[in-house]
Every structure is written in structure tokens, then in C-alpha cells.
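A note on names: the letters A, B, ... follow the listed sequences, proteins ahead of strands, and every chain is numbered from 1.
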Amino acid sequence: MDIENTLQLAASKAIEEIYGVLPNLNLVQIQKTKREFEGDFTLVVFPLLKISKKNPEVTAQEIGERLVSSSKAITSFNVVKGFLNLSLSYTFWCNTLNTIASTIDFGYAKSDSSGKTKMVEFSSPNTNKPLHLGHIRNNLLGFSISRILQANGDKVIKVNLVNDRGIHICKSMLAWQKFGKGETPENSGKKGDHLVGDYYVLFDKEYKKQIEELQAKGMSEEEAKTKAPIILEAQEMLLKWEAKDSEVYSLWQTMNQWVYTGFDVTYSALGIEFDKVYYESETYLLGKSIVNEGLAKGVFVKKPDGSVWIDLNDHGLDEKLLLRADGTSVYMTQDIGTAVQRFNEYHLDDHIYVVGNEQEYHFNVLKLVLLKLDYKWTDHLYHLSYGMVQLPEGKMKSREGKVVDADDLVEEMVSTAQEMSQELGKLNELNAKEASEIVTMIGLGALKYFILKVDPKKNMTFNPKESIDFNGNTGPFIQYTHARIQSVLRKAIEVGIVIPHSINPVELSGKERELIQLVSAFPSVVKQAAEILSPALLANFAYELSKEYNQFYHDFFIIKEEDEKVRQARLLISHEVANAIRLSMWLLGIDVPNRM
RNA sequence: GGCCCCGUAGUUCAAUGGAUAGAAUAGCGGUUUCCUAAACCGUAGAUCCAAGUUCGAUUCUUGGCGGGGCUACCA
């Protein structure tokens with residue numbers, strides 16, 4: 001139980017004793033005392049006036065007196081307007097610090113302790129183009145959420161559903177056939193996913209050209225789009241693929257393989273990995289039998305042309321297609337099939353889809369369809385719907401090549417980190433291998449933090465020119481704080497000072513209490529982040545903690561402190577702050593260096 | 001047209017209905033014989049508009065205005 005809860009209970013008990021009424025717990029609001037007032041925690045008394053039937057000051061005074069006399073930990077209080085500010089004893093804070101220090105991975109639940117299994121699907125790339133900044137947000141969110149759930153004691157299965165089939169892949173294939181002249185990753189030196197992506201762009205260019213030509217001959221744009229020879233060829237190629245035409249099929253395999261090899265490099269650069277990879281070419285037929293069941297139950301309707309629909313007008317939505325007239329399935333059909341399959345196979349408690357907010361409608365429909373089919377777990381499907389990443393000039397368009405490429409971005413971040421480290425002379429005493437590891441850590445830290453600190457559901461703008469900072473509220477700032485602490489601890493050991501595992505009670509400064517309090521709140525941050533699926537909470541936590549520590553570091557001696565008891569407390573605080581930073585950053589998928 | 005999301009300093013982000021709306025960055029001015037200055041301190045600067053609910057609204061409701069998304073026999 002965290003400190004707020006303990007105080008909440010103590011306060012409600014005090015209120016019952018004084019006024020004879022046990023207050024509803026949501027009326028007993030405990031919050032951190034604002035910086036400008038004295039105290040550690042504050043009880044907001046306004047909601048309690050109904051019970052006390054007295055004015056705010058008197059009510060606060062009475063509760064304050066009762067709490068001080070009944071609790072050893074609460075030593076004093078002051079009242080400002082309707083706010084009762086409580087101060088806790090230094091013994092209490094030292095004990096809190098000792099508890100933190102004696103807990104392994106403080107803030108994380110024991111692995112698999114929740115007994116729940118949760119699947120997180122993320123990444124889900126198309127195999128016709130390389131990953132871009134939008135995918136990076138998806139990957140980072142998915143990976144971070146997986147770790148957060150894991151830290152809450154869940155068994156997590158990270159899965160990737162690769163969209164490896166469809167008309168868009170045929171476009172790349174066709175353009176390669178027509179214009180590629182046998183280009184391969186090997187003979188061109190291009191990364192496979194980029195090579196395939198280039199042909200996707202090339203297709204679009206040619207397609208647009210043909211549309212213009214047809215329009216020049218008097219055809220409407222609408223018609224030109226459907227009659228351009230190259231799009232007809234692509235459609236034909238898709239049919240051949242579905243018929244497993246050997247030539248098309250083997251080209252498809254070859255080009256997809258190029259892409260996978262490329263993706264692997266990107267994933268590995270980002271530190272992303274999966275427990276299982278699904279391929280749409282293997283799952284796209286799933287779901288048909290379930291649709292037929294629904295038809296038999298009368299949940300779905302078949303139109304005269306043979307297509308199958310669900311009518312969701314009752315739910316404020318419209319009709320949605322589930323099977324085409326020719327009997328082939330659509331995306332929805334597949335998602336129905338895979339959901340059922342996964343719940344059956346893994347006995348999932350929750351299934352989280354990390355997918356952009358442009359697909360909210362799709363997931364609403366998916367849940368409703370499954371609900372109507374009477375599956376009991378539909379409440380356990382979550383769409384982690386994140387906002388788009390936009391460029392200053394608007395949406396990224398991969399067809400037009402207007403994207404921030406993932407590989408380029410990572411490379412640029414790392415090389416910027418390299419330049420800055422060099423300039424600051426940070427790498428002077430390190431060998432090449434260490435230096436390169438640290439520089440990579442910093443570049444990636446900057447990128448990942450930049451993206452994850454933003455509330456997932458919000459859209460974000462990325463300006464490639466202004467790029468990503470390394471100072472202020474950034475990943476490197478937090479990494480630096482960690483490195484700084486490690487440096488202090490190293491130096492302490494060098495001069496023969498032992499880092500304590502626990503301390504004796506000692507008077508603490510406000511800054512020291514603040515640090516202990518922040519670290520003590522870590523478990524509840526981890527828990528809340530899991531509840532609302534938001535890595536941003538951990539980013540904020542790590543930042544606030546780092547900021548506080550840097551002020552502390554600036555204003556206080558640690559090793560040089562002569563009072564041994566005080567020095568021990570400061571060393572232990574430093575040690576625990578470093579741990580909390582490391583553990584919170586790990587949940588973001590960001591590593592922290594021991595020097596930088 | 002219908003449905004959904006978002007409007008906070010110049011910019012990028014915070015704020016379970018609670019105190020004087022926090023940070024960072026950019027600007028201006030400072031700190032290094034002192035454990036890492038990728039740091040620290042000071043200064044200036046914002047809740048789109050209008051009603052309503054409330055002891056109290058950036059937060060909730062309604063209506064405007066502005067931006068984005070969805071509304072395919074695409075995924």
C-alpha cells in the first residue's frame with residue numbers, strides 16, 4: 001500500500017472519530033503538497049464540509065490535531081484555506097527509504113504474479129515499403145506497453161501480424177518486374193525493404209502518369225483511375241497470386257524475403273522483438289466459418305448478390321461488410337478469425353491492439369460483431385488507439401516518398417549523439433567499443449523518449465529540421481542523471497566508502513524527503529500506466545525524478561559530506577534514485593549508461 | 001452531411017474537479033579553484049470564444065470557431 005492510501009485511511013478514521021460519520025473514500029482526497037507550502041501531503045477538506053458542518057479552516061484544524069495525536073508518523077500540520085498540509089517524520093521517511101532499498105526491482109510486481117496472460121499486437125507492417133516514423137511510434141508504444149504489463153505481473157505475448165499480401169505488394173512487384181532490370185539488395189547494395197519501397201513509389205509515379213494520359217484523351221479522372229493499364233495489371237497479378245501462380249508466387253516470396261531481412265535490421269536497431277509473428281497470407285482465410293455461424297444464428301444477413309453484412313444501425317453505426325459477393329474475406333473477417341483463434345489457443349485475459357486512431361471505427365465494429373456472436377471476452381479487447389505523427393507540412397505519404405524514414409532517423413540520432421559527445425569531450429577516456437555503445441544508447445534514448453513522453457492518444461508533430469533535443473526534458477538528460485549518480489557511487493567506493501543497504505533515522509532536508517517520496521510513488525505509477533496503457537506516465541516520472549535529483553546534486557554534498565549518518569542517507573537515496581530511473585526507463589525500452 | 005478525437009507560453013509537452021495553470025526549448029541575465037556544466041539559478045511569456053453545472057472548471061455539459069480522422073466489396 002502506498003503512502004497516500006495509508007493517509008487516506010488514517011484521515012477517514014479521524015473524521016469518523018470527530019464527526020461520527022465514516023466518509024466515502026473518494027471524498028478523502030490526499031495529494032502531494034505543492035512546492036510553495038510546507039508539508040509532505042495535503043488533505044483537501046472542502047468535500048468534507050458536508051460532514052463536519054463547519055468552515056474549512058476549523059475542519060482542517062480539527063482533523064489535523066486528531067491526526068497528529070493519533071499517528072506517530074505525522075508530526076505537524078498547517079492549514080491554508082481549505083487545505084490541510086501534513087508533515088511526516090524523518091523517521092518515517094528513512095524507514096520508507098529502507099523499505100525501497102530492501103525490495104528487489106522496487107515498483108515491479110513479481111513476474112507472472114497477476115496470473116493473467118495478455119497479448120499485445122503491434123508493428124503490423126506492410127511488406128511493400130520500409131518503416132517510417134509512424135511505425136516507430138507504433139513499435140515503441142507496443143514494446144513499452146508490453147514491458148509495463150510484464151512489470152505488473154502479467155504474462156505478455158508480443159505479436160506482429162505482417163501484412164504480406166494484397167494489391168499494394170503486387171504494385172511493388174509489378175514495378176520491379178517492369179523497371180527493375182534484375183536489381184537485388186545484393187547487386188545494388190540497397191537495404192531490401194528500401195529497394196522494394198522504391199518500386200512502390202515508382203509504381204505510383206507510372207500510375208499517375210497513365211491517369212494523366214487517359215485524362216488528356218478525355219476520360220474522367222474517376223474512370224482513368226480504374227482503367228489505367230498498370231493498375232489492371234496489378235489486379236491481375238493479385239488474382240494470379242491467389243491462384244498460386246508459380247512465377248508470381250516465387251517473385252512474391254523473393255521480394256518479401258528482401259523486406260524481412262531489411263525489417264530485421266530496423267527492429268534490431270530499435271531494440272524491438274516479438275514472441276510470435278503472424279503472416280496475413282496465412283491468416284486471411286480465417287473467420288469465414290465464423291461468419292457462416294453468424295449467418296445461421298441470424299446475426300448477419302446475406303444480400304441477394306451473396307455478400308454478407310452486419311447491420312449496426314442500432315449502435316449508431318451503419319452496415320458493415322463481412323464477406324464479399326465472391327465469397328472472399330475482408331480485413332474484418334480476418335480479424336474476427338484471428339481474435340477467436342488467439343483466445344482459444346492462449347486463453348487470453350486481455351488482447352491489446354496497438355493501432356492508429358484512424359482505425360477506431362474498425363475496432364468498434366470488430367467488438368460489436370464478436371459481441372453479437374456471443375463471445376464472452378469482447379470486453380477484454382482493447383484498441384490502444386494512438387494519434388498520428390505529422391510533419392509540419394502535414395500527413396506523411398509513403399506513396400509520394402514524403403516520409404521520415406525509420407532507418408535514416410535512427411542513424412541521424414546516433415550520429416548527432418556522436419558529434420555532441422565528441423564536442424563535449426565525453427568520450428575521451430573510453431575505448432571505441434564503449435564509446436559506440438554509449439553513443440547508440442543516447443541517440444536511441446533521445447528518439448524513444450521524444451516519442452513516448454507524449455500521451456499516446458494525442459497527435460504529435462515532428463519537425464525533422466528542428467530535430468530532437470539532447471538537453472532539457474529529454475532522454476539524454478535522464479540518462480545523464482543516471483550516469484552522474486553511478487559516477488558518484490564509483491567514486492565513493494574508490495575512496496573506501498561503503499554504499500549502505502539501509503540507514504539509521506536521520507534528519508532530512510526537504511529535497512531529500514522529496515526524492516524519497518518520488519521514488520516511493522514509482523509502483524503506483526507503474527500500475528496506473530498499465531491501467532491506462534500510457535508509457536508517457538513513466539517518462540514524466542523519470543524526468544521529474546531526474547530533475548529533482550540534479551537540483552539535489554547541485555545543492556548538497558554527497559561523498560564530501562562529513563556527517564557520516566547524513567552521507568549514508570544521501571548515498572542510499574542516490575542509489576535508489578538511480579535504480580528507479582533505470583527501472584522506469586527500462587519500461588520505455590530505453591537503456592541507461594553508467595557514464596556519458 | 002453524419003460520427004469520433006484534439007485546441008494550454010513563439011514552439012514541443014504536463015496538470016484523479018482543487019491552492020498563484022507546471023516543465024522544456026527558443027529569448028534575456030547569471031553559476032565552474034566544489035562528487036560529470038548533456039547540469040544548476042534568475043527573468044519574461046499561455047488555458048480558442050460564449051454560456052451553464054460547482055464552494056471551486058484547463059478538466060464536466062451545451063453552442064460556436066479552428067485543426068485532424070473515420071464514414072470502401074482497401075487495409
Just to be sure I understand the rule, does [X] reach a base, reach only the sugar-phosphate, or reach nothing, if contact means heavy atoms closer than 4.0 Å?
| X | result |
| --- | --- |
| A:Thr461 | sugar-phosphate |
| A:Asn364 | nothing |
| A:Gln29 | base |
| A:Ile442 | base |
| A:Asn463 | nothing |
| A:Pro47 | base |
| A:Lys491 | sugar-phosphate |
| A:Ala483 | base |
| A:Met596 | base |
| A:Tyr480 | base |

Shortest side-chain distance from [X], nucleotide among [options]:
| X | options | result |
| --- | --- | --- |
| A:Phe37 | B:C35, B:A19, B:A39 | B:A19 |
| A:Asn85 | B:A19, B:G69, B:C35 | B:A19 |
| A:Lys457 | B:A19, B:C40, B:C6 | B:C6 |
| A:His362 | B:C35, B:A37, B:A75 | B:A75 |
| A:Phe83 | B:C13, B:A19, B:A39 | B:A19 |
| A:Asn126 | B:C34, B:U71, B:A75 | B:A75 |
| A:Glu360 | B:U36, B:C4, B:G7 | B:C4 |
| A:Arg484 | B:U36, B:A38, B:A24 | B:U36 |
| A:Lys547 | B:C73, B:C13, B:A24 | B:A24 |
| A:Gln359 | B:A75, B:C73, B:A23 | B:A75 |

Suppose you measure atom [atom1] in [N] against the same atom in [M]; what distance do you get, rounded to whole Å?
| N | M | atom1 | answer |
| --- | --- | --- | --- |
| B:G10 | B:U47 | P | 9 Å |
| B:G66 | B:A26 | P | 34 Å |
| B:U58 | B:C13 | C1' | 15 Å |
| B:A39 | B:U32 | C1' | 11 Å |
| B:A14 | B:G1 | P | 31 Å |
| B:C60 | B:A75 | P | 36 Å |
| B:A57 | B:A50 | P | 15 Å |
| B:G45 | B:G7 | P | 24 Å |

Among A:Val259, A:Asn256, A:Asn126, the one residue meeting side chain to side chain contact (heavy atoms under 4.5 Å, CB included) with A:Asp164 = A:Asn256

Member of A:Ile581, A:Leu588, A:Ile590 meeting the side chain to side chain contact (heavy atoms under 4.5 Å, CB included) criterion with A:Ile478 = A:Ile581

Suppose we define a pair by two distances each less than 3.5 Å, Watson-Crick or G-U wobble; what does [N] pair with here?
| N | value |
| --- | --- |
| B:U58 | none |
| B:C65 | B:G7 |
| B:A39 | B:U31 |
| B:G22 | B:C13 |

So does [X] get a side-chain nitrogen or oxygen closer than 4.0 Å to the phosphate oxygens (OP1/OP2) of [N]?
| X | N | result |
| --- | --- | --- |
| A:Lys458 | B:G67 | no |
| A:Asn357 | B:C70 | no |
| A:Lys303 | B:C73 | no |
| A:Lys34 | B:A19 | yes |

Between [X] and [Y], what is the shortest heavy-atom contact and its length?
| X | Y | value |
| --- | --- | --- |
| A:Met441 | A:Val592 | SD-C, 3.6 Å |
| A:Ala529 | A:Leu538 | CB-CD1, 4.0 Å |
| A:Asn473 | A:Lys453 | O-NZ, 3.6 Å |

Taking N and O atoms by type only, does the side chain of [X] place a donor or acceptor under 3.5 Å from a partner on the base of [N]?
| X | N | answer |
| --- | --- | --- |
| A:Lys426 | B:U36 | yes |
| A:Thr481 | B:A38 | no |
| A:Thr42 | B:A19 | yes |

Could you check how far [atom1] of [X] sits from [atom2] of [N], rounded to whole Å?
| X | N | atom1 | atom2 | result |
| --- | --- | --- | --- | --- |
| A:Tyr543 | B:A39 | OH | C1' | 12 Å |
| A:Ile51 | B:C55 | CD1 | P | 16 Å |
| A:Glu358 | B:C4 | CD | C1' | 13 Å |
| A:Lys320 | B:C73 | NZ | P | 8 Å |
| A:Ile30 | B:G18 | CD1 | P | 14 Å |
| A:Asn128 | B:A75 | CG | C1' | 11 Å |
| A:Asp469 | B:U12 | CG | C1' | 9 Å |
| A:Leu27 | B:U16 | CG | C1' | 14 Å |

A:Tyr353 vs A:Phe363 aromatic rings, parallel, tilted or perpendicular, using cut-offs 30° and 60°?
-> tilted

Whether A:Phe450 and A:Phe462 hold their rings parallel, tilted or perpendicular, with breakpoints at 30° and 60° = perpendicular

Should the pair A:Glu242-A:Arg165 be classified as a salt bridge under the 4.0 Å nitrogen-to-oxygen rule?
-> yes

When the nearest nucleotide of RNA chain B is assigned to A:Arg35 and to A:Glu280 on a heavy-atom basis, which residue is associated with the more 5' position?
-> A:Arg35

Start at the 5' end of RNA chain B and walk down; is the nucleotide closest to A:Arg324 or to A:Leu317 reached first?
-> A:Leu317

Atom pair OG/CD1 of A:Ser12 and A:Ile51 - distance to nearest 0.5 Å = 9.5 Å

Pi stacking test for A:Phe46 and B:G18: under 5.5 Å apart, planes under 30° | yes

Could you please spell out the steps behind the ring-ring contact (aromatic ring centres under 6.0 Å, His included) verdict for A:Tyr549 and A:Phe552?
-> CA-CA 5 Å; A:Tyr549 187 85; A:Phe552 164 73; 5.4 Å; yes

